[in-house]
Protein chains: 2
Amino acid sequence: MADEGAVLDALRDAILAGEFAAGQRLVEVDLCERFGCSRFAVRAAIPVLASEGLVDVQRHRGARVRVIPVSEAIEITEVRRLLEGLTAARAAERVTAAQAAELADIVHEMRAAVEAAELLRYSDSNARLHARIRSIAAHDTATRMIERLRAQLVRHQFTLALIPGRPAVSLAQHERIVAAIVARDPDAAEAAMRDHITSVIESLGSLEQSASNQSARR
Amino acid sequence: MADEGAVLDALRDAILAGEFAAGQRLVEVDLCERFGCSRFAVRAAIPVLASEGLVDVQRHRGARVRVIPVSEAIEITEVRRLLEGLTAARAAERVTAAQAAELADIVHEMRAAVEAAELLRYSDSNARLHARIRSIAAHDTATRMIERLRAQLVRHQFTLALIPGRPAVSLAQHERIVAAIVARDPDAAEAAMRDHITSVIESLGSLEQSASNQSARR
DNA sequence: CCCGATGATTTTGTAGCCAATTTCGTCGTA
DNA sequence: TACGACGAAATTGGCTACAAAATCATCGGG
């Protein structure tokens with residue numbers, strides 16, 4: 001673990017992989033031990049993660065893994081709806097025949113995963129599809145922001161995939177998105193993507209309700 | 001200059017104020033001297049500014065003030081168009097009578113500045129209006145991203161205000177935005193904001209053309 | 001049982017060291 | 001003169017040690 005960038009990536013990955021409990025304190029010496037590096041490297045990485053919104057630092061109180069409340073997850077997804085709508089539209093304008101075939105392949109893979117009820121495989125293909133759409137859109141600014149936003153709510157995405165019947169609904173929405181892109185119809189692609197993410201927001205909203213019910217029951 | 005946060009803010013302000021030439025190297029010891037702090041503080045601040053897109057760091061080559069090409073400024077503004085459209089719509093949903101009066105005041109101020117041909121005052125009121133709309137919208141995520149994007153192109157905004165006739169056009173657009181918000185019409189507010197920022201993008205596009213003409217003439 | 005004080009833990013900030021790498025200048029040669 | 005190789009200086013990367021400030025936890029007293 002020589003350079004600062006490696007520690008940064010390792011720590012970021014660990015947080016995104018959920019290897020720290022929600023709200024857990026990140027004690028510098030512990031992280032040094034874990035990653036086999038000096039405190040210096042850790043202290044260089046933490047401010048960056050803070051600016052990425054993954055950890056929360058308070059003066060003299062150290063860093064904690066930031067817990068994103070559902071209400072904020074909804075805000076984030078509202079922004080993501082706009083940005084991914086933009087990338088979908090641009091992808092529809094720029095897509096080549098080869099890229100269109102690739103998108104169709106990924107959707108095919110998603111359908112197979114749903115039929116086999118393999119949630120993890122579905123979730124993976126899902127992420128790949130969105131990533132491929134972004135790369136076709138070639139809008140660096142939007143891509144950067146989407147990826148940063150996605151990183152902030154990896155935890156929520158896990159819980160979302162477990163909602164019964166959600167993959168089937170999600171699959172149909174993705175098929176619509178890809179159909180519009182392949183048809184080179186930017187407006188339809190943007191609308192389809194927004195509808196898809198709107199339904200994600202609605203699912204998050206139902207999570208918020210059940211969460212508040214639980215806390216009320218305590 | 002005790003804490004790292006102060007150095008970070010000071011350095012960020014200095015960059016945003018244009019106190020460094022475009023692409024200038026940021027030598028650590030120089031910054032220490034300038035801000036009267038240790039190298040440690042500088043070295044903590046630079047990665048954060050890099051993640052904010054204000055500086056560009058390369059291994060063993062140090063940090064440089066990042067120069068944003070016009071093409072990227074256009075991308076950034078395209079994203080900002082979506083985000084500010086969102087805040088305008090939400091502001092229209094949430095605005096109180098007192099806030100509506102405040103917006104009207106700022107527009108009045110803008111009109112006065114245009115009539116007096118005071119570009120700096122106009123630019124300032126302009127920024128205040130957008131900021132006030134964001135605070136009324138109370139969408140933390142969108143606000144954070146807009147402010148980060150704006151920071152990346154402060155330089156371009158200077159040049160934009162100098163286009164002859166632009167303030168008058170801009171003023172009318174802002175009046176339309178505020179009218180829609182005051183009328184509590186989210187769709188109209190979003191449309192008006194998008195139209196406004198679309199015209200900003202068009203102005204940036206004309207800058208790009210003149211820039212490429214200049215380079216072609218060389 | 002509750003509250004405050006004290007000590008330990010943790011973080012923050014500084015100073016300085018050496019290694020690695022880049023960059024710039026100089027010298028030698030074609 | 002022009003060009004390339006070599007070397008020295010400058011700069012960053014990474015580290016350790018240390019002092020200071022703040023927080024946390026434990027313990028004792030009321």
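Values below: every heavy atom of this structure, side chains too, minus hydrogens, waters and symmetry copies. The sequence lines fix the lettering, A, B, ..., with proteins before strands; numbering per chain opens at 1.
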Original post:
Please give, in whole Å, the distance from dT11(D) P to Leu26(B) CG?
Top reply: 13 Å
Original post:
Quick one: are Arg66(B) and Leu49(B) in side-chain contact, heavy atoms under 4.5 Å?
Top reply: no
**OP:** In whole angstrom, give the distance that lies between atom NE2 of His60(B) and atom P of dA20(C).
**Re:** 10 Å
Original post:
dG13(C) base to Arg39(B) side chain: any donor-acceptor pair below 3.5 Å?
Top reply: no
Subject >> Separation of dG16(C) P from Arg43(B) CZ (nearest whole Å) >> reply: 15 Å
**OP:** With the side chain of Ala41(A) defined as its heavy atoms from C-beta on, choose the nearest nucleotide among dT12(D), dC15(D), dT11(C).
**Re:** dC15(D)
Original post:
When you look at His196(A) and Ser170(A), which way does the side-chain contact (heavy atoms from CB on, under 4.5 Å) test go after all the steps?
Top reply: CA-CA 7 Å; His196(A) 164 51; Ser170(A) 169; 4.0 Å; yes
**OP:** Could you check whether Arg25(B) gets within reach of a base, just the sugar-phosphate, or nothing at all, counting any heavy atom under 4.0 Å?
**Re:** sugar-phosphate
Original post:
Would Arg34(A) and Glu19(A) pass as an ion pair if we require N to O under 4.0 Å?
Top reply: yes
Original post:
When the distance from CD1 of Ile46(B) to P of dG14(D) is rounded to whole Å, what number comes out?
Top reply: 13 Å
Original post:
Below 4.5 Å, heavy atoms only, C-beta onward: do Met110(A) and Arg121(A) meet side chain to side chain?
Top reply: no
Original post:
Taking for each residue the nucleotide of DNA chain D bearing the nearest heavy atom, is the 5' side occupied by Ser38(A) or by Gly62(B)?
Top reply: Gly62(B)
Subject >> Rounded distance (Å) that lies between atom P of dT11(C) and atom CG of Asp56(A) >> reply: 15 Å
Original post:
With respect to the side chain of Val27(A), which nucleotide from dC18(D), dT12(D), dT10(C) is positioned closest?
Top reply: dT10(C)
Original post:
Between Gln58(A) (CD) and dC24(D) (C1'), how many Å, whole number?
Top reply: 14 Å
**OP:** Using only side-chain N and O atoms of Arg61(B), determine if any of them is under 4.0 Å from OP1 or OP2 of dT23(C).
**Re:** yes
Subject >> Rounded distance in Å - CZ (Phe40(A)) to C1' (dC17(C)) >> reply: 13 Å
**OP:** Measure from CD on Glu33(B) to P on dA15(C) and round the result to the nearest Å.
**Re:** 14 Å
Original post:
Should Glu202(A) and Arg81(A) count as an ion pair when the cut-off is N to O under 4.0 Å?
Top reply: no
Original post:
OP1, OP2 of dG13(C) versus side-chain N and O of Arg59(A): anything below 4.0 Å?
Top reply: yes
